[in-house]
Asks: 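Please read through the structure below; I'll follow up with questions.
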Amino acid sequence: MSENVAAFILNRLADWGVRRVYGYPGDGINGLLGAFHKVGERVEFIQVRHEEIAAFAASAHAKFTDEPGVCMATSGPGAIHLLNGLYDAKLDKQPVVAIVGQQPRMALGAEYQQEVDLIALFKDVAHEFVHVCNAPEQARHLVDRAIRVSLATRSPACVIVPNDVQELPYAEPPRAHGSVHSGIGYAKPRIMPGEAELRAAAAILNAGERVAMLIGQGAIGAEHEVMQAAELLGCGVAKALNGRAALPDTLPYVTGSIGLLGTKPSDEMIEHCDTLLMIGSSFPYSEWLPKEGQARGVQIDIDGRLIGLRYPMEVNLVGDAAETLRALIPLLEHKQARSWREQIEAEVDRWWRILDDRALQDANPVNPQRVFHELSSRLPDRCILTADSGSATNWWARNLRLREDMMAALSGTLATMCPAIPYALAAKFAHPDRPVVAAIGDGAFQMLGVNALIDIARYRDRWSNQQLVICVLHNDDLNQVTWEQRVMEGDPKLEASQELPDFPYAAYARMLGLEGIRVDHPGEVGSGWDAALSAGRPALLEVITDPEVPPLPPHIRFEQAKGFASAVIGGDPAAKEMVKESIKGKAAEFTNR
Ligand SMILES: Cc1ncc(C[n+]2csc(CCOP(=O)(O)OP(=O)(O)O)c2C)c(N)n1
Ligand SMILES: [Mg+2]
C-alpha cells in the first residue's frame, strides 16, 4: 500500500530529526492523526490540554534545544488557539513549525463549518513561510521549506493541509516542468563581521575607560568568550531577561538583570559608562540604555536587520556572538586601570546584600522576594528555570543567583502570561534527566496553568528525573498590573479588574496525584522548597504572598513616584500597606552602604 500524504509528512518530519509533535486533535487533522499509526516510534504525538500549550511547548523546545519545535492543530478553532504561543516564538526569534488542518478543498469558499482563512490568520505570525498543501507533490518541499525557513530565519513557519489532501496517496514530484525537488538538511552558517569592522570595534573598546557590557539570548553558548572579553575590558556585564542563563550570577562583575525588572548595579553601570558593548540582545527600553552621546557603542548581533536599532552604535558587527568575540579578543588590550571594575564589583556585592535584606523583611504573610531568595541557594545543579509574566518575574529576574550549566526561559518579548508550565513540560521532554523549576502567578495559573498541570501529571512517568517544582505565588491579585496602574497611571487599584477568586492550588495538585505543599508562613518557605525538591515526583509549591510588596524598579523615576503618590492619595484600598512596604524596601538600600 502506498504512503498517503499525511504519513509522508510525518516521515519527512522524522527525517529532519523531529521526534515529538505537541498538539490537539480535530477532524481537520484526522488524516495526520491516523498517520501516527503508520510511523511507529519515529514521531510521537504529545496531546496537551489546549493548543496554546502546544505552541508554547514547541517554542520552549526550540529555546531549550538547537532544534525546531513542532506543534499541530485542527482547522478553525484549533488553529486560532495556537496563535499566542506562535507569537511568543516569533517575538523571541525561535524556530517553530505549525502543521495545521483545513476543511476539504471542495468546501473552501463556501463559508463552510470551521472554515477560516488560515493564510490570512497566520500571515503575520508566520510571515516568513505559510503555505497550503494543495497537491501531494507539494508536500515534500513544503515540509522541507517550513523547517529550513524556520531555522534560517529563527521564526515560526506554517503548513496548512486540507483534510482531503492528507488522505491522498503521496506522489513524488515528477520530472517535469513546474515540479520541485527539495532535500533535507540545514547547517548553521558561520556568520562573521569583516576584519576592518573588528578593528574599528576593538579601537573603540580599547579607548573606553568605563565599558559596560549588555548581553542577551544571542550570547547563550558564548559564556567563555564573554568572560574573556569582560576580563580584558574590565567591565561589568548586565543581562537582558532572555540572556538570564548566558552567564552565571556567581561571577562578581555580573550586575544581573536590566530595566524595569533590573538591578541597581546594572542601572548605575549603564548610567556612568562611556562605552557600551551590546551582544545578542534586542533589549527594547531606551530609558535604561545610555543617553545618546554619553557612550560610544559597539554591537554584535547575528541578525543584520536588528542591529543598531536601540542605540546609535558606532560599529555594528553582524555575526555569531562566540565566533565574533573569538576574533575580537586578540585585538583587545588588557585594561590596566581596574577601578571601574572594582567599583562595579563592590556595587554588585552590596546589591546582593540589599536583596537578601529585602527578602527577609516581614510581609503579610510571606514576602514574595523570600520565595526566590530561599530557592536561590537550593537551585539543583543543571536545573532548567521557567518563569511566567507577572510580579514574580521581578523577583525571578533579581533574586535568583544562577550558576553554570543552568538554563532559563520566559516569554521575553511578547511577555505573555501562561508559558511557565508549558515551558516546563517541554523542558522535561527535551531533557528528562534535568530538574525543572517553574514560577507562576495565581492569575496565570487560573488562566492556563490549571490545564497545563494536568499535562504534567499525565506525562510525568516518562521522565527519569522527577524533580519538577511549580511554584504558584498566591496573592489573589493580578499584581503586576495592579502596580502598573498605581505607578504608571497614578490610579488606585481597580478591584473589579484586579482581584482573583480563591483557588486551592496545592490541594488541586494533590488531586492530580502530584505533591502539593502550601506555605503561609515566612519561616516555612525554605523547608517548603526542600520538600518540593525532594518529593520524588512533580510538586506544586503554593506560597501565600503579600501583594503590597512593590516590585520597585531599581530607581523610581519622577513620573512614577508622582503616580505612586497619586494612587495613595486617590484612595487605593491598600494605601497604608503599600507605603509601609515601599519604605522598608528602600531602607534596605541605606542600611547596606
Ligand atoms: C495573556 C496576557 N494577558 C494579560 C497580560 C497583562 N498582564 C501582565 S502581568 C499580569 C498579571 C499576572 O497576574 P498573576 O499571574 O497573578 O501574577 P502576579 O502579578 O500577581 O504575580 C497581567 C494581567 C499579559 N501579559 N498576558
Ligand atoms: Mg497574582
Side-chain angles (χ1 to χ4, degrees), residues 50-53 55-56 59 80-92 125 241 259-261 284 363-372 375 386-400 410-424 438-453 470-489 491 493-506 508 518-520 540-553 574 577-578 581:
H50 191 298
E51 290 87 354
E52 185 169 316
I53 298 176
F56 278 139
S59 174
I80 294 165
H81 268 180
L82 286 179
L83 281 179
N84 199 39
L86 293 180
Y87 272 105
D88 173 53
K90 177 186 166 94
L91 270 63
D92 278 349
V125 74
L241 275 187
L260 273 175
L261 277 58
N364 186 16
V366 176
N367 185 335
Q369 296 163 96
R370 181 156 189 161
V371 176
F372 295 92
L375 170 62
T386 73
D388 222 89
S389 297
S391 67
T393 321
N394 291 270
W395 322 125
W396 186 86
R398 292 195 192 118
N399 290 68
L400 290 180
L410 79 175
S411 173
T413 318
L414 185 63
T416 175
M417 290 166 72
C418 301
I421 303 179
Y423 275 27
I440 182 170
D442 44 3
F445 192 88
Q446 292 185 7
M447 191 184 263
L448 197 64
V450 170
N451 311 354
L453 198 69
I470 287 146
C471 179
V472 180
L473 288 100
H474 182 165
N475 54 15
D476 294 324
D477 188 32
L478 296 169
N479 196 236
Q480 177 69 18
V481 175
T482 299
W483 280 101
E484 285 164 359
Q485 289 176 351
R486 287 168 174 161
V487 176
M488 308 283 192
E489 309 296 329
D491 291 333
K493 171 177 175 177
L494 176 66
E495 291 192 327
S497 72
Q498 299 313 108
E499 277 198 349
L500 289 170
D502 204 14
F503 185 88
Y505 304 94
Y508 172 66
R518 185 176 183 278
V519 167
D520 60 6
L540 186 148
L541 176 64
E542 170 186 358
V543 187
I544 315 298
T545 54
D546 187 344
E548 304 316 334
V549 175
L552 288 177
E577 291 83 348
M578 270 157 51
E581 294 304 334

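For ligands, and for the atoms within them, numbers begin at 1 and follow the listed sequence. Here the structure is a predicted model, which means the values were calculated and not measured.
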Asks: Which N/O/S atom belongs to D477 and is the closest one to the Mg ion (ligand 2)?
Replies: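 Considering only N, O and S atoms, D477 comes nearest to the Mg ion (ligand 2) through O.
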
Asks: Output yes when a side-chain donor or acceptor of Q498 lies under 3.5 Å from a complementary backbone atom of L478, and no otherwise.
Replies: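 Answer holds: yes.
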
Asks: Report the distance from atom CG of N479 to atom CD of E499, rounding to the nearest 0.5 Å.
Replies: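 One gets 11.5 Å once the value is rounded to the nearest 0.5 Å.
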
Asks: At less than 4.0 angstrom from any atom of ligand 1, which residues have a non-hydrogen atom? List them by chain and residue number.
Replies: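 Contacting ligand 1 under 4.0 Å are S389, G390, S391, A392, A415, T416, M417, G441, D442, G443, A444, N475, D477, L478, N479, Q480, V481, L500.
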
Asks: Looking only at atom types and distance, does a side-chain atom of W396 sit under 3.5 Å from a main-chain N or O of I440, one as donor and one as acceptor?
Replies: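 No, because the side chain of W396 does not come within donor-acceptor range (under 3.5 Å) of the backbone of I440.
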
Asks: Answer yes or no as to whether an N/O/S atom of Q480 is found below 2.8 Å from the Mg ion (ligand 2).
Replies: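 No, since none of the N, O or S atoms of Q480 sits under 2.8 Å from the Mg ion (ligand 2).
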
Asks: Please determine which of N394, D388, T393 meets the side-chain hydrogen bond (donor to acceptor under 3.5 Å, both in side chains) test together with Q480.
Replies: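 So the option named by the test is N394.
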
Asks: So Y423 and D88, side-chain hydrogen bond (donor to acceptor under 3.5 Å, both in side chains) or not? Walk me through it.
Replies: CA-CA 11 Å; Y423 275 27; D88 173 53; 2.5 Å; yes

Asks: Restricting to N, O or S atoms of D442, which is nearest to the Mg ion (ligand 2)?
Replies: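 The closest N, O or S atom of D442 to the Mg ion (ligand 2) is OD1.
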
Asks: Do side-chain atoms of E542 reach the backbone of A506 as a donor and acceptor pair under 3.5 angstrom?
Replies: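 Yes; judged by distance alone, with no hydrogens or angles, the pair exists.
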
Asks: Taking only residues two or more places apart in sequence or in another chain, which ones pass ring pair (Phe, Tyr, Trp, His ring centres under 6.0 Å) with Y505?
Replies: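 With sequence neighbours excluded, Y505 shows a ring pair (Phe, Tyr, Trp, His ring centres under 6.0 Å) to F445, H474, F503, given in chain and number order.
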
